[in-house]
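Take a look at the structure below.
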Amino acid sequence: MPELPEVETIARGLRSSLPGTRIVELTCYCGSVLAQEVEAVRRRVAGASFTGVSRHGKYLFLLLENALTLVVHLRMTGQLYMAPPGQRGDKHVHLEFILSSSLFKLVYRDVRKFGGFSLLDGSRMQDFLADKRLGPDALSIRAEELLTRCRRTRRPLKAVLLDQTVLAGLGNIYTDEVLHRAGLSPLLPARDLAAVEAKRLAKTVHQVLESAIRLKGTTLSDYRDANRQSGNFQNFLQVYGRRGEACTTCGGPVHKIRAAGRGTYFCPRCQTVDNASRPRGGVESGG
DNA sequence: CTGTTTACCTGGGGGC
DNA sequence: TGCCCCCAGGTAAACA
């Protein structure tokens, strides 16, 4: 599941090769991965050069000349990678950008076809972002802002961290890993978060994401980077996918529950709602 | 407005 | 070998 570290890894991979290359032709094998009509997209991008690559949360932005932007979301199983121009893809390849480069083409592959592209012109970008109501990027959010945003709701922390309008970039895997390392229960009502906990939470978010980026993301099944390489962070997961195994902190068994509609892994001993280190009921002074 | 549930889509795994 | 069923989950839409 591509989350922030996976999307960032792809962005970095593309950024080193894509800018400066020109789109010669767009071949579409499945129209549903394009938000707009296929022929309209083909006509508009043909001949345009890539100028840059950026990211916010799990959204990837491929910048083109003439203030055109291709917004990409990989959802569950989307892959965006460079491949030799002559390489033949399988039935899950839905989009191919034939480029001016003789070295590679840009390929979109997606087994479940949840993800896809939207072509926007400069004037529509703000509308797009406003419509998504994306929160601040998880890599740069500050503790004070995280605290403010958490205290707006009684929903459990798990649901709040997954909510892209609160914080953009965390998905199911990294949310569980962050909560475990921060010693916070996924079931804790976000409104009850103490300031000291928000500080710890923000710090842990940054640490986990940066560590995962260094290791080029987590590959459990489908994820591959822009060069089709697997990530390595799956070897460092503390709780995700480890039901019944020993907690790396206390040795107790990792539990799996359903929270916010998602499979949620955590250690009830290390991640309690009644955490003695957490000031309760607004007792915390200073405010 | 808030919070929860469902649809989208396909492959993989268990049971038989 | 193969059929049935369920599960995985990011987001949007539908729902209470």
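Lettering follows sequence order; numbering is per chain, from 1.
- Residues A:Y59, A:F61, A:L63, A:L120, A:M125, A:F128, A:L129, A:L134 make up the rest of the hydrophobic cluster containing A:V71, defined by ILVMFWY side-chain heavy atoms closer than 4.5 Å, directly or through other members.
- Between A:K256 and the phosphate of C:dA8, there is a side-chain N or O to OP1/OP2 separation shorter than 4.0 Å.
- No contact: A:G115 has no heavy atom under 4.0 Å from any strand.
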Per-pair distances, 0.1 Å, donor-acceptor, side chain in residues 212-221 of chain A, under 3.5 Å, sequence neighbours excluded:
| unit_1 | atom_1 | unit_2 | atom_2 | d |
| --- | --- | --- | --- | --- |
| A:T218 | OG1 | A:Y174 | OH | 2.7 |
| A:T219 | OG1 | A:Y223 | O | 3.1 |
| A:T219 | OG1 | A:G231 | N | 2.7 |

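- By the side-chain contact (heavy atoms from CB on, under 4.5 Å) test, A:T153 pairs with A:R155, A:V160, A:A190, sequence neighbours left out.
- A:A67 meets the side-chain contact (heavy atoms from CB on, under 4.5 Å) test with no other residue; sequence neighbours excluded.
- Phosphate proximity of B:dC9 to A:H92: absent, as no side-chain N or O sits under 4.0 Å from OP1 or OP2.
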Dump every N/O contact between nucleotides 2-4 of chain B and the protein below 3.5 Å, one line per pair.
| unit_1 | atom_1 | unit_2 | atom_2 | d |
| --- | --- | --- | --- | --- |
| B:dG3 | OP1 | A:T153 | OG1 | 3.2 |
| B:dG3 | OP2 | A:T153 | OG1 | 3.1 |

Please enumerate all protein N or O atoms sitting under 3.5 Å from an N or O of nucleotides 4-6 of chain C, with distances to 0.1 Å.
none

Please tabulate, one pair per line, all N/O donor-acceptor pairs under 3.5 Å involving side-chain atoms of residues 93-102 of chain A, not counting sequence neighbours.
| unit_1 | atom_1 | unit_2 | atom_2 | d |
| --- | --- | --- | --- | --- |
| A:H94 | NE2 | A:H92 | O | 3.0 |
| A:H94 | NE2 | A:D110 | O | 2.6 |
| A:E96 | OE1 | A:Y29 | OH | 3.3 |
| A:E96 | OE2 | A:K105 | NZ | 3.1 |
| A:S100 | OG | A:R22 | N | 2.8 |
| A:S101 | OG | A:L103 | N | 2.9 |

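- Identified under the side chain to side chain donor-acceptor pair (under 3.5 Å) test for residues 31-46 of chain A, with sequence neighbours left out: A:Q36-A:S118.
- Axis angle across the helix from B:dT2-C:dA16 to B:dC16-C:dG2, with five pairs used at each end and values rounded to 10°: 50°.
- Using a 4.0 Å heavy-atom cutoff across all strands shown, A:R258 reaches sugar-phosphate atoms only and no base atom.
- One can place CG of A:L74 at 18 Å from P of B:dC9, the figure rounded to the nearest angstrom.
- Among the protein residues, A:Y265 comes within range of no part of the nucleic acid, since none of its heavy atoms lies under 4.0 Å from any strand.
- When each of A:D176, A:T175, A:D163 is tested with A:K158 by the rule side chain to side chain donor-acceptor pair (under 3.5 Å), just one qualifies, namely A:D176.
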> Base, backbone or nothing for each nucleotide of nucleotides 10-15 of chain C, written B, S, -, heavy atoms under 4.0 angstrom, 5' to 3'?
Replying inline: BBS---

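- Remark: A:D222 pairs with A:T77, A:Q79, A:V111 by the side-chain contact (heavy atoms from CB on, under 4.5 Å) rule, at least two apart or across chains.
- Contacts of A:E25 classified as salt bridge (charged side-chain N to carboxylate O under 4.0 Å, His left out), with partners at least two apart in sequence or in another chain: none.
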